[in-house]
Structures are given as C-alpha cells and as structure tokens.
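All figures in this text were calculated on a predicted structure; none of them were measured in a lab. No hydrogens, no waters, no symmetry mates; every other heavy atom, side chains included, goes into these values.
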Amino acid sequence: MVQTRRRKRGKVYLHDVNRKRLWVKEKRKREVRVRHCPLIRSNWEAKLSVPTNYREFALVHDIKKSFPIPKTKDLVNPKNLEKFIKQQQEISDNDDDDDNNNDYPSIPMIDTTEKKKKQRKPTKVHIRDEIEKDANTERVKSLRMSDPDRLFCIYMIEKHGTNYDAMARDHHNDYQLTARQLERKMEKFKKIPKIYERYLAEKLEGKNFLVDFQMDD
C-alpha cells in the first residue's frame, strides 16, 4: 500500500494578531507579583521568570510542587512496601520490648528513590532571612477612628456618661447600635490616646461640646 507523504505547510503570518499587545502581556507576566514587600521588589530581576526569581530568594513559588499530596499509587508502590518491611525487620531486631512490636507506623507516602534534577544554590538567601526576621517582629496594632465617630462618642459620653442603654435609645443613634456595641465603641475611643487625651484637655478648658457640635437637642 502506497504511503501518503505529508506536505510541509508554509508559515502563515497572522495579520489580525496584535503583536505589541502580546509583547505587553508577556512583559506583565514577568513583573513583580508581590506588591507589599519592598525588599522583593527592589531585588526582582525582570529578565528572569517568576519561579526563577523565587528560587533565587530561596522561597517557594508553587506549594503543590514543593509539598506534593501523595497519590494512591504512591501508597501501594511495591518499592515503598519492600522498604517499609525491611525497616520494620530492623526495628524488631533491635528492640527488646514486645509492646513496641504491636505498633504499626505509617507507610512512607512518597517514593524517595526517584532522582531529582540538580538545581544551583540560591544566590539571595539573605532576603529570605530578612523577610523571616521581619515577620517575627512584634507589631503594635494602631487603632483608628473617623472624625464623625469621634464626635458621636464625645456626644454620647457628654450626654449619657456610661449609661449604654440610654445611648442605645438616643435618637442620634442613627445606626441603631445595641448597648453592647456602643460600650465597645466607647472603649475603643478611650484606647486611642491621641483622640481621648485631646478630648480630656478640651473638657478641662471648659468647652461645651453639645453646643459646639449642635447636638444639644
């Protein structure tokens, strides 16, 4: 039977494809993906791919590749089972206790006999160490409050003191906060020294907040 030869098709230039847009899209792929870490942004190399940059920093890019979930075929691999039986025989020969022989340790999950490709050592390990050091440092949580909330808290304290039930029934409670929610709001107001100390200083000067804020109704 005569075999038909395949014809080599000539390369066709696609005129409807925007080459500039493709180039910009490819360029964006190589940009920094970590926005909130200036250390990585400053040491990022645009010529290298994203996984290569992460490898240079001694960081993990793909968690699934670095910490793979074992498949069922790996669990029932005969090589793993043989290795497991040999380990159990060595343990049983060395151990004198009979109780330990009844324990059944888990079968190795992944076959470690497969050869891995040699990769060069990362050159920017110090960046990983600095990120780890920065992550372990304790940070003080800074509380913030908007100006309308500040005026609302001052009004409620001036008019009702610590009577949170009366605050909840006040007609200026537009968002219908409960007594417990108002109590937490006042506690937050008192925990911000910049705002609360300013309020106490103005109160000592004799300032009438209800008149100034036009909330004396």
Side-chain angles (χ1 to χ4, degrees), residues 24-25 27-67 69 122-217:
V24 171
K25 191 177 179 181
K27 191 179 178 183
R28 280 178 184 169
K29 284 182 182 178
R30 294 175 179 269
E31 285 180 359
V32 191
R33 299 297 175 92
V34 184
R35 297 179 181 177
H36 304 292
C37 187
L39 193 64
I40 288 178
R41 286 185 69 86
S42 58
N43 291 279
W44 192 272
E45 292 185 26
K47 291 181 180 179
L48 301 176
S49 63
V50 176
T52 310
N53 271 299
Y54 273 91
R55 205 180 300 120
E56 290 295 314
F57 299 143
L59 297 172
V60 174
H61 175 250
D62 193 352
I63 297 172
K64 290 181 180 178
K65 287 182 180 178
S66 302
F67 305 99
I69 298 169
T123 55
K124 302 174 182 177
V125 187
H126 63 281
I127 292 168
R128 181 199 62 188
D129 298 335
E130 287 179 30
I131 292 168
E132 191 175 352
K133 188 179 178 182
D134 184 56
N136 292 329
T137 53
E138 293 183 2
R139 286 176 173 79
V140 181
K141 190 178 178 181
S142 59
L143 296 171
R144 294 180 183 180
M145 185 174 277
S146 63
D147 201 50
D149 282 351
R150 179 181 67 85
L151 300 177
F152 174 76
C153 291
I154 291 169
Y155 163 74
M156 288 295 184
I157 292 168
E158 285 291 313
K159 192 170 183 180
H160 302 290
T162 56
N163 190 350
Y164 301 110
D165 293 321
M167 290 182 189
R169 291 192 298 269
D170 195 292
H171 64 280
H172 279 296
N173 185 13
D174 298 326
Y175 295 104
Q176 296 183 357
L177 301 174
T178 61
R180 182 62 185 142
Q181 287 174 329
L182 286 162
E183 187 181 351
R184 284 199 295 265
K185 202 173 191 69
M186 300 308 152
E187 285 175 3
K188 183 185 176 182
F189 171 71
K190 291 174 183 178
K191 282 180 182 177
I192 304 172
K194 195 174 183 180
I195 297 172
Y196 189 61
E197 286 172 8
R198 178 186 163 189
Y199 158 67
L200 292 174
E202 289 177 350
K203 192 176 181 180
L204 286 171
E205 292 174 1
K207 186 175 180 179
N208 191 347
F209 294 98
L210 297 176
V211 174
D212 291 345
F213 300 153
Q214 296 178 358
M215 291 182 174
D216 53 345
D217 48 345

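- Summarising the geometry of Ala179 relative to Ala168, their closest heavy-atom pair is N-CB, 4.0 Å, with the distance given to 0.1 Å.
- Atoms CZ and CD1, from Arg150 and Ile192 in turn, are 10.5 Å apart once rounded to the nearest 0.5 Å.
- Atoms CG and CG, on Asn53 and Leu59 in that order, are 10.5 Å from each other to the nearest 0.5 Å.
- By the 4.0 Å N-to-carboxylate-O rule, Arg180 lies close enough to Glu183 to be salt-bridged with it.
- Classification of Lys190 and Glu197 as a salt-bridged pair fails, no side-chain N sitting under 4.0 Å from a carboxylate O.
- To the nearest 0.5 Å, atom CD of residue Gln181 and atom CG of residue Asn173 are 9.0 Å apart.
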* To do: For Tyr164 and Met186, run side-chain contact (heavy atoms from CB on, under 4.5 Å): C-alpha distance rounded to whole Å, both residues' side-chain angles, the deciding distance at 0.1 Å, then the answer.
  => CA-CA 9 Å; Tyr164 301 110; Met186 300 308 152; 3.8 Å; yes
* Chi angles and distances behind the side-chain contact (heavy atoms from CB on, under 4.5 Å) call for Thr178, Leu182 -> CA-CA 6 Å; Thr178 61; Leu182 286 162; over 6 Å; no
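- Panel note: side chain Lys203, backbone Arg198; no donor-acceptor pair is recorded below 3.5 Å.
- Looking only at distances, a side-chain donor or acceptor of Asn43 sits under 3.5 Å from a matching main-chain atom of Leu39.
- Here the straight-line distance linking atom CD1 of Ile131 with atom NE2 of His126 works out to 9.5 Å at 0.5 Å rounding.
- Within the model, atoms CZ of Phe152 and OH of Tyr175 stand 10.0 Å from one another, a figure rounded to the nearest 0.5 Å.
- Taking the side chain as every heavy atom from C-beta outward, Lys124 and Glu45 approach each other to under 4.5 Å.
- At distances below 3.5 Å, not a single donor-acceptor pair connects side-chain atoms of Asp170 with backbone N or O atoms of Met156.
- Few gaps surround CD on Glu187; more than 12 heavy atoms of other groups in view lie less than 6.0 Å from it.
- For the pair Asp149 (side chain) and Met145 (backbone), a donor-acceptor distance under 3.5 Å is absent.
- For Thr137 (side chain) and Asp134 (main-chain N/O), a donor-acceptor pair under 3.5 Å exists by modelled atom type.
- Between Glu130 atom CD and Cys37 atom SG the span is 9.5 Å, to the nearest 0.5 Å.
- Ring geometry for His172 against Tyr155 counts as perpendicular: the plane angle is over 60°, on a 0 to 90° scale with 30° as the lower cut.
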* Under the salt bridge (charged side-chain N to carboxylate O under 4.0 Å, His left out) rule, what do Arg128 and Glu56 come out as? Steps first, then yes or no, please. => CA-CA 10 Å; Arg128 181 199 62 188; Glu56 290 295 314; over 6 Å; no
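- Ring planes of Phe209 and Tyr199: tilted class, angle from 30 to 60°.
- Ring pair His61/Tyr54 is tilted by interplanar angle, where 30° to 60° counts as tilted.
- Put simply, the side chain of Thr52 never gets that close to the backbone of Leu48: no donor and acceptor are under 3.5 Å apart.
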